[in-house]
Peer 1: 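To start, I am sharing the structure in question, which I have written as structure tokens.
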Amino acid sequence: MRKLIMVYVLLLACFASYVYFEYVRVASPGAWNEPSQGLKGTHNEKYVLVTFQSGIDYWKNVLKGFEDAAEALDVSVEYRGATQYDVHEEITVLEQVIAKKPAGIAVTAINPDELTSTINKAVEAGIPVVLFDSGASKSKAYSFLATDNYSAGVTAARKMAELTEQQGKIAIITSPGQLNHKERTSGFTDTIRSEFPNMQVVGVENGQGDSIVSDQAARKLMGMYPDLAGIFVTEANGGVGVAAAVSDAGKTGKLKIIGFDTDKGTLDLVKKGAISATLAQGTWNMGYWSLMHLFHLNHNKSQQIPVPPHVDTGITVVTQSNVDQFYAK
């Protein structure tokens, strides 16, 4: 008799549970259906990627990551960029994008100080903004996804020491107005000074992100320091220009060059041995996770799933031994 009562109690408990969960399912359909649907938006949601120097290869992988995330989320994307290395043109482009009130903006800052007020204008208008590649630390943007640029400079310094057998005079060609280039330069110079007493950073020149200007800067440095052992170039266009100057001086392979990024021109020169190494950034990650962050911010899910303020998208040293892996497929 006692066992029979226990069976009745168990059946009643099961029936009560069924009634309760069925009631919740009908009363709150979203709570049951949303997990099975995953993260999905609508094609009316448009997210915009804004860069400077829009014609260069470097942004292609960033845009591919942005588009891949859009496909996964069923949302729309648009790419806008300044055609020149000009902060005023990028501000104009960003103002035009803000006026259209997109669902979110991912932007890379050519100049952190001059772009900050325009970035803040977007955030104050209720448009989620994240920064990628080059940041603006004083702005109200929610997140910054990029290479740890100081650490990349440290990696470049150690590679340069390996290439030069820890001896000699070294120079840097950079774009001093950009925060990411300042950090790469600091990581490089700090490491040379602290770890390699027989090496010396003798000069830092402005290549303006341009191959011709960087070519001229390299010729100036080689004229000032005929025994120069190596040049670290903090961006891709400059590496191509420096390789041309070094080739004209008959020093290819003798004067070591470390470049940055994996545009085809740089990779071809690495393959030929004209550039000893280059540093590959996680550019696809920058685009993909920028859109994921914007989507969460736009759907106000940041309270449940916080968007991290900083994301390191990684770095890889590229040499002749692994260069073939970095050509666009």
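These values consider heavy atoms only, across backbone and side chains, with no hydrogens, waters or symmetry-generated copies.
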Peer 1: I'd like to know if Glu95 pairs up with Lys121 as an ion pair, taking the criterion as any Lys NZ or Arg NE/NH1/NH2 lying under 4.0 Å from an Asp or Glu carboxylate oxygen.
Peer 2: yes
Peer 1: Would you mind reporting whether Ile231 and Leu255 have side-chain heavy atoms less than 4.5 Å apart?
Peer 2: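 SC-SC contact between Leu255 and Ile231 confirmed.
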Peer 1: Got a second to check how far Leu267's CG is from Gln325's CD, nearest 0.5 Å?
Peer 2: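 Between Leu267 CG and Gln325 CD, I get 11.5 Å after rounding to 0.5 Å.
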Peer 1: May I ask you to test the Pro308-His293 pair for a side-chain heavy-atom distance under 4.5 Å?
Peer 2: yes
Peer 1: Could you see if Val242 belongs to whatever hydrophobic cluster contains Met224? Use Ile, Leu, Val, Met, Phe, Trp, Tyr and a side-chain cutoff under 4.5 Å.
Peer 2: yes
Peer 1: What distance separates Ser175 OG from Ile110 CD1, expressed to the nearest 0.5 Å?
Peer 2: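 Interatomic distance, Ser175 OG to Ile110 CD1, rounded to 0.5 Å: 9.0 Å.
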Peer 1: Under a 4.0 Å N-O cut-off, is there an ion pair linking Glu162 with Lys159?
Peer 2: yes
Peer 1: Same cluster for Tyr79 and Ile127 if Ile/Leu/Val/Met/Phe/Trp/Tyr side chains link at under 4.5 Å?
Peer 2: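 Yes, because Tyr79 and Ile127 connect within a single hydrophobic cluster, where side-chain heavy atoms sit under 4.5 Å apart.
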Peer 1: Report yes or no: is the cationic atom of Arg184 (NZ for Lys, CZ for Arg) under 6.0 Å from the centre of the six-membered ring of Phe260, at an angle within 45° of the ring normal?
Peer 2: yes
Peer 1: With Asp268, which residues qualify under salt bridge (charged side-chain N to carboxylate O under 4.0 Å, His left out), at least two apart?
Peer 2: Lys264
Peer 1: Of all heavy-atom pairs between Ala236 and Thr266, which one has the smallest distance, and what is that distance?
Peer 2: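 In terms of heavy atoms, the two residues are closest at O-OG1, 3.7 Å.
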Peer 1: List the atom of Ala280, the atom of Phe326, and the distance in Å for their closest heavy-atom pair.
Peer 2: CB-CE2, 3.7 Å
Peer 1: Can you find a side-chain donor-acceptor pair between Gln281 and Tyr58 that sits under 3.5 Å?
Peer 2: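 There is such a pair between these side chains.
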Peer 1: Under a 4.0 Å threshold between the charged nitrogen and the carboxylate oxygen, would Asp263 count as salt-bridged to Lys60?
Peer 2: no
Peer 1: Using distance alone, with no hydrogens and no angle criterion, decide if Thr116 and Ser139 have a side-chain donor and acceptor under 3.5 Å apart.
Peer 2: no
Peer 1: Flag yes if more than 12 heavy atoms outside Lys251 fall under 6.0 Å of its NZ atom; otherwise flag no.
Peer 2: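 Yes, NZ of Lys251 has more than 12 neighbouring heavy atoms, counting only those of other groups under 6.0 Å.
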Peer 1: What I'd like to find out is whether the side chain of Val130 reaches to under 4.5 Å of the side chain of Trp289, using heavy atoms alone.
Peer 2: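 A side-chain contact under 4.5 Å is absent here.
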Peer 1: Could you state whether Ile275 and Leu163 fall into the same hydrophobic cluster, counting links through intermediate Ile, Leu, Val, Met, Phe, Trp or Tyr residues with side-chain heavy atoms under 4.5 angstrom apart?
Peer 2: no
Peer 1: Once you round to the nearest 0.5 Å, how far does CZ of Phe295 lie from NZ of Lys40?
Peer 2: 9.0 Å
Peer 1: Does a side chain donor of either Asp210 or Gln208 reach within less than 3.5 Å of an acceptor in the other side chain?
Peer 2: no
Peer 1: Quick one: do the Asp68 and Trp284 side chains pair a donor with an acceptor below 3.5 Å?
Peer 2: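 Present: a donor and an acceptor within the cut-off.
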Peer 1: Check whether Tyr47 and Trp59 end up in the same hydrophobic cluster, where Ile, Leu, Val, Met, Phe, Trp and Tyr are linked by side-chain heavy atoms less than 4.5 Å apart.
Peer 2: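 Per the 4.5 Å side-chain linkage, Tyr47 and Trp59 are co-clustered.
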Peer 1: For Glu124, look at atom CD and say whether over 12 heavy atoms of other residues, nucleotides or ligands are found less than 6.0 Å away.
Peer 2: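 Buried by this count: over 12 neighbours within 6.0 Å.
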Peer 1: Could you tell me which residues satisfy salt bridge (charged side-chain N to carboxylate O under 4.0 Å, His left out) with Asp215, sequence neighbours excluded, listed by chain and number?
Peer 2: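 Here the qualifying residues are Arg219.
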Peer 1: Flag the pair Tyr85 / Phe52 as yes when their ring centroid distance falls below 6.0 Å, and as no otherwise.
Peer 2: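 Yes.
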